[in-house]
Number of protein chains: 2
Amino acid sequence: MTEPRWLNADERRAWLALLSINTLLPAALDTQLQAAGKLSLFDYNVLAMLSEADGRFLPMSELAARTSASLSRLSHVVTKLQRRGWVEREAHPGDARVTVAHLTESGMDTIVSLAPGHVDAVRALMLDAMTDDDVADLARIAEKIVARLDDDHWILRER
Amino acid sequence: MTEPRWLNADERRAWLALLSINTLLPAALDTQLQAAGKLSLFDYNVLAMLSEADGRFLPMSELAARTSASLSRLSHVVTKLQRRGWVEREAHPGDARVTVAHLTESGMDTIVSLAPGHVDAVRALMLDAMTDDDVADLARIAEKIVARLDDDHWILRER
DNA sequence: TTCATTTACTTGAAGCTTCAACTAAAACAA
DNA sequence: TTGTTTTAGTTGAAGCTTCAAGTAAATGAA
């Protein structure tokens with residue numbers, strides 16, 4: 001039973017700051033999106049990922065990977081988005097196990113109308129606090145952490 | 001209605017990576033803590049903040065600030081921790097509006113026994129992915145973002 | 001002193017997320 | 001071919017978080 005290595009000053013600062021960002025940033029973006037369109041940051045991201053996909057559709061598994069979510073969470077949320085008319089579920093032609101989530105016209109209109117306000121909020125809440133070098137450093141460091149958490153995470157694919 | 005400024009490559013990388021960390025890191029730490037002691041990362045943090053406070057107690061408002069949580073969320077969680085015998089609620093001598101949350105001996109034992117495993121997990125999941133310079137850069141940049149989100153956040157106090 | 005406002009906190013309900021269990025199809029193995 | 005395992009997804013229940021509404025004490029204003 002050896003004494004564990006505790007965090008040094010920078011490690012503690014980095015960890016506590018990341019933990020705080022983690023709670024405060026999504027909460028602030030949720031508030032903005034809730035006011036603008038009665039949806040959560042996660043809902044927004046589901047729509048955004050679909051809007052950027054070829055043909056505006058993706059298998060549930062792939063959509064789950066791109067939103068870092070469990071299939072269960074995604075399934076519940078897609079059901080909700082479907083009720084709002086923003087997404088539809090379709091069968092996959094080649095593999096009957098697969099469900100394809102498809103962004104509707106209405107869903108596309110929604111994300112197009114929400115995107116500017118959301119991007120402004122992301123700038124106001126984090127990017128505007130940083131210099132260009134900070135942004136580049138953060139991108140590099142944050143991607144290292146993502147690689148550690150999941151070494152074939154989709155955001156690392158194009159690297 | 002002017003076109004909003006979209007994100008450039010680094011901004012997009014930084015934002016998407018942070019968003020992914022945001023989902024994956026707490027989930028991984030939750031899993032570790034759930035296995036080690038059937039509690040969440042948030043529960044752990046409540047206990048940790050109390051354990052580091054003078055006298056091992058804090059007013060609910062102060063504890064909420066130190067865990068970046070709403071008072072409502074904290075109140076529900078303290079009720080739960082109280083049922084497990086880890087925390088007690090006490091009256092504040094000078095101000096009857098204030099509730100003081102006090103870590104019990106049992107709560108202290110719990111956090112002492114969980115801390116090593118938790119710190120190991122934080123290292124394994126993020127710190128080990130970074131150089132010392134990365135850690136210092138992340139601490140600096142992340143604190144800038146925290147300051148933007150809440151300019152008198154407690155982690156900035158000693159700065 | 002009295003009344004209005006603010007601060008500190010709690011509560012119950014609604015909505016969201018996780019978890020475990022389940023279904024069904026595809027891939028693999030004998 | 002038949003049985004086994006893996007992959008993909010759904011579901012309901014339990015637990016967690018947020019939201020709106022409420023209580024009660026302290027502060028401030030007239």
Are B:Lys80 and D:dC16 close enough that a side-chain N or O sits under 4.0 Å from OP1 or OP2? yes
Would you please confirm or rule out a distance under 4.0 Å between OP1 or OP2 of D:dA25 and any side-chain N or O of B:Arg97? no
Pick base, sugar-phosphate or nothing for B:Asp30, based on heavy-atom distances below 4.0 Å to the nucleic acid. nothing
Return the minimal non-hydrogen interatomic distance between A:Gln32 and A:His118, and the atom names on each side. OE1-CA, 3.6 Å
Tightest non-hydrogen contact, residues B:Leu125 and A:Arg148, listed as O-CG, 3.2 Å
Does the pair [X]/[Y] count as a salt bridge with the N-to-O cut at 4.0 Å?
X: B:Lys80; Y: B:Asp43; value: yes
X: A:Arg123; Y: B:Glu11; value: yes
X: A:Arg12; Y: B:Glu52; value: yes

5' priority, DNA chain D, between A:Pro59 and A:Thr31 [closest heavy atom]: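 Looking at the nearest nucleotide for each, A:Pro59 comes out on the 5' side.
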Between A:Glu62 and A:Gln34, name the one whose nearest nucleotide on DNA chain D is closer to the 5' end.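 Its nucleotide being nearer the 5' end, the pick is A:Glu62.
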Check the distance between [N]'s [atom2] and [X]'s [atom1] and give it to me in whole angstrom.
X: A:Leu39; N: C:dC16; atom1: CG; atom2: P; result: 10 Å
X: A:Asp95; N: D:dT7; atom1: CG; atom2: P; result: 12 Å
X: B:Phe42; N: C:dC16; atom1: CZ; atom2: P; result: 20 Å
X: B:Lys38; N: C:dC19; atom1: NZ; atom2: P; result: 11 Å

Given [options], the nucleotide with the shortest approach to the side chain of [X]:
X: B:Ser75; options: D:dA26, C:dT10, C:dA24; answer: C:dT10
X: B:Ser72; options: D:dC16, D:dA8, D:dA20; answer: D:dA20
X: A:Arg73; options: C:dT10, D:dA8, C:dT18; answer: C:dT18
X: A:Thr99; options: D:dT10, C:dT10, D:dT7; answer: D:dT10
X: B:Ser70; options: D:dA26, D:dT18, C:dT10; answer: D:dT18

Ignoring hydrogens and angles, does a donor from either the side chain of B:Ser40 or the base of D:dC16 sit under 3.5 Å from an acceptor on the other? no
Is a donor-acceptor pair below 3.5 Å formed from side chain B:His76 to base C:dG12, judging by atom type as modelled?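 Result: at least one qualifying N/O pair found.
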